[in-house]
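Inspection log for the structure reproduced underneath, given as structure tokens.
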Protein chains: 2
Amino acid sequence: MEPIQVYKCFCDVQRLRILNLLKDGPLCVCHLVEILGADQVKICKQLRYMKELGMLEDARVAQWKVYRLANATDPLLEENLKCLQDCYSEVITFKEDTQKRSAIALRMQKENAACAQAINS
Amino acid sequence: MEPIQVYKCFCDVQRLRILNLLKDGPLCVCHLVEILGADQVKICKQLRYMKELGMLEDARVAQWKVYRLANATDPLLEENLKCLQDCYSEVITFKEDTQKRSAIALRMQKENAACAQAINS
DNA sequence: AGTGCATATGCTGTCAATGGAAAATGAAAG
DNA sequence: CTTTCATTTTCCATTGACAGCATATGCACT
């Protein structure tokens with residue numbers, strides 16, 4: 001992966017937040033939409049962007065589409081997510097996102113939601 | 001410095017090469033032009049871009065203008081330059097640039113060039 | 001086939017970034 | 001004060017990224 005392309009990818013807070021979330025495991029689009037509180041179409045486009053870049057992979061589970069980080073993790077990606085967490089937590093809502101993610105996982109366990117398998121597969 | 005702005009700055013190989021060079025100490029525009037083998041006006045614009053971003057500082061020495069990294073070094077900047085050197089040395093000509101820089105410094109010592117003080121001030 | 005939910009695509013206007021050519025500034029030297 | 005060298009600015013055309021909206025696809029259930 002060309003470093004310049006990676007940096008272009010990093011130029012959007014939403015993309016950074018998505019990458020940070022996926023770092024802890026796969027998620028389906030509806031979860032990302034809920035956590036980021038953003039337009040579905042927009043999220044979709046970001047996901048496609050990062051998939052074409054080779055950063056993400058996707059898989060279908062029934063109606064849902066599950067995205068995960070691509071296998072070969074880019075050193076730039078890891079370093080930067082760490083650095084952002086350490087130094088820019090007021091600027092990017094990584095912590096809040098991760099908390100929301102836990103809340104969703106919990107809720108789905110209780111409700112035994114159909115979509116739950118997406119997270120745990 | 002907003003991380004997004006920093007990443008936008010990183011989206012250009014020439015800017016990365018400039019930052020890498022300045023990490024080892026200040027340089028004047030003419031040296032950067034020589035090392036990067038690029039259009040002088042273009043370099044100028046990049047320098048201005050990074051100065052307005054707060055990443056660089058400049059000072060005049062006679063006819064020459066000397067650029068250096070701003071005092072407060074951004075953790076993102078340091079981390080990324082290191083990471084790029086480690087993992088992408090085939091993609092970005094950091095090593096060659098640094099060698100050229102040494103060659104210039106040496107040559108100027110011999111010639112006792114007027115511009116030399118710029119590097120060493 | 002027809003409905004509903006989840007996800008994706010296409011199109012269009014807008015705005016920022018980039019490059020090239022020409023002109024302008026600032027400092028030193030004749 | 002004119003020339004020269006180093007650097008910067010301005011203007012203009014082009015490109016690329018992005019948001020918004022409408023529309024389309026894919027899958028499951030009936």
Side-chain angles (χ1 to χ4, degrees), chain A residues 2 4-18 22 26-53 55-68 104 108 111 113-119 121, chain B residues 2 4-18 22 26-53 55-68 104 108 111 113-119 121:
Chain A
E2 285 283 329
I4 298 296
Q5 292 309 113
V6 177
Y7 287 131
K8 281 191 184 161
C9 173
F10 289 171
C11 286
D12 184 284
V13 181
Q14 231 166 36
R15 284 196 288 264
L16 288 172
R17 289 170 67 192
I18 292 173
L22 294 183
L27 281 173
C28 75
V29 182
C30 60
H31 299 140
L32 287 168
V33 169
E34 181 176 347
I35 296 174
L36 300 187
D39 180 32
Q40 179 264 329
V41 172
K42 211 179 147 192
I43 301 279
C44 242
K45 285 179 182 171
Q46 310 273 33
L47 290 169
R48 183 189 181 183
Y49 176 105
M50 292 191 277
K51 183 187 162 191
E52 287 185 346
L53 217 145
M55 239 168 194
L56 303 186
E57 290 169 356
D58 62 347
R60 197 169 258 294
V61 179
Q63 304 103 318
W64 297 279
K65 202 114 172 226
V66 179
Y67 283 85
R68 68 184 68 232
I104 288 180
M108 295 212 310
E111 297 176 358
C115 182
Q117 51 185 319
I119 279 191
S121 66
Chain B
E2 285 285 327
I4 299 297
Q5 292 310 113
V6 176
Y7 288 131
K8 281 192 184 158
C9 172
F10 289 170
C11 286
D12 183 284
V13 182
Q14 231 167 36
R15 284 197 287 264
L16 288 172
R17 289 171 67 192
I18 292 173
L22 294 184
L27 281 173
C28 75
V29 182
C30 60
H31 298 138
L32 288 167
V33 169
E34 181 175 348
I35 296 173
L36 301 186
D39 179 31
Q40 182 264 330
V41 171
K42 210 178 150 194
I43 300 279
C44 232
K45 284 178 180 174
Q46 310 274 33
L47 291 169
R48 184 190 178 179
Y49 176 104
M50 293 192 275
K51 182 187 163 191
E52 286 183 348
L53 218 146
M55 240 167 192
L56 302 186
E57 290 168 355
D58 61 346
R60 199 168 253 296
V61 177
Q63 304 103 317
W64 298 280
K65 203 112 172 225
V66 179
Y67 283 85
R68 67 184 68 231
I104 288 180
M108 295 211 309
E111 297 178 358
C115 183
Q117 51 185 320
I119 280 191
S121 65

Looking at B:Arg48, does any N or O in its side chain come under 4.0 Å of the phosphate oxygens OP1/OP2 on C:dT18? no
Enter the distance from A:Glu57:CD to A:Leu22:CG here, rounded to the nearest 0.5 Å. 11.0 Å
Output the single nucleotide from D:dT7, C:dA22, C:dT7 whose closest atom is nearest the side chain of A:Gln40. C:dT7
Tell me which nucleotide among C:dT7, D:dA28, D:dT8 gets nearest to the side chain of A:Ala62. D:dA28
Would you kindly check whether a donor in the side chain of A:Lys45 faces an acceptor in the base of D:dG20, or vice versa, at under 3.5 angstrom? yes
First of A:Gln46 and A:Gln63 reached from the 5' end of DNA chain D, by closest nucleotide: A:Gln46
Whole angstrom value for the distance that separates C1' of C:dA6 from CD1 of A:Ile43: 14 Å
What's the spacing between A:Tyr67 OH and A:Arg48 CZ if we round to 0.5 Å? 9.5 Å
Candidates D:dA6, D:dT8, C:dG10 - which lies nearest the side chain of B:Trp64: D:dA6
Find the distance between CE (A:Met55) and CG (A:Leu47) and round it off to the nearest 0.5 Å. 12.5 Å
Has B:Lys65 got a side-chain N or O lying under 4.0 Å from the OP1 or OP2 atom of D:dT8? yes
Rounded off to whole Å, could you give me the CG-to-P distance for the A:Leu53 and D:dA17 pair? 11 Å
Nucleotide D:dT7, atom C1' - distance to NZ of B:Lys51 in whole Å: 12 Å
Could you check which of D:dC21, D:dA17, D:dC18 has an atom nearest any side-chain atom of A:Val41? D:dC21
Closest approach of B:Cys11 to A:Ile4 (non-hydrogen atoms, all atoms of both residues): O-CG2, 3.4 Å
Starting from C1' on C:dT18, measure out to CD1 on A:Ile4 and report it in whole angstrom. 14 Å
Just to be sure I understand the rule, does A:Cys30 reach a base, reach only the sugar-phosphate, or reach nothing, if contact means heavy atoms closer than 4.0 Å? sugar-phosphate
Residues at least two apart in sequence or cross-chain that pass side chain to side chain donor-acceptor pair (under 3.5 Å) with B:Glu2, listed by chain then number, are none
Kindly point out which of D:dT7, D:dT9, D:dC18 is positioned nearest to the side chain of A:Tyr49? D:dC18
Tell me whether the OP1 or OP2 atom of D:dT25 has a side-chain N or O from A:Arg60 closer than 4.0 Å. no
Between atom CG in B:Asp58 and atom C1' in D:dT9, what is the gap in whole Å? 15 Å
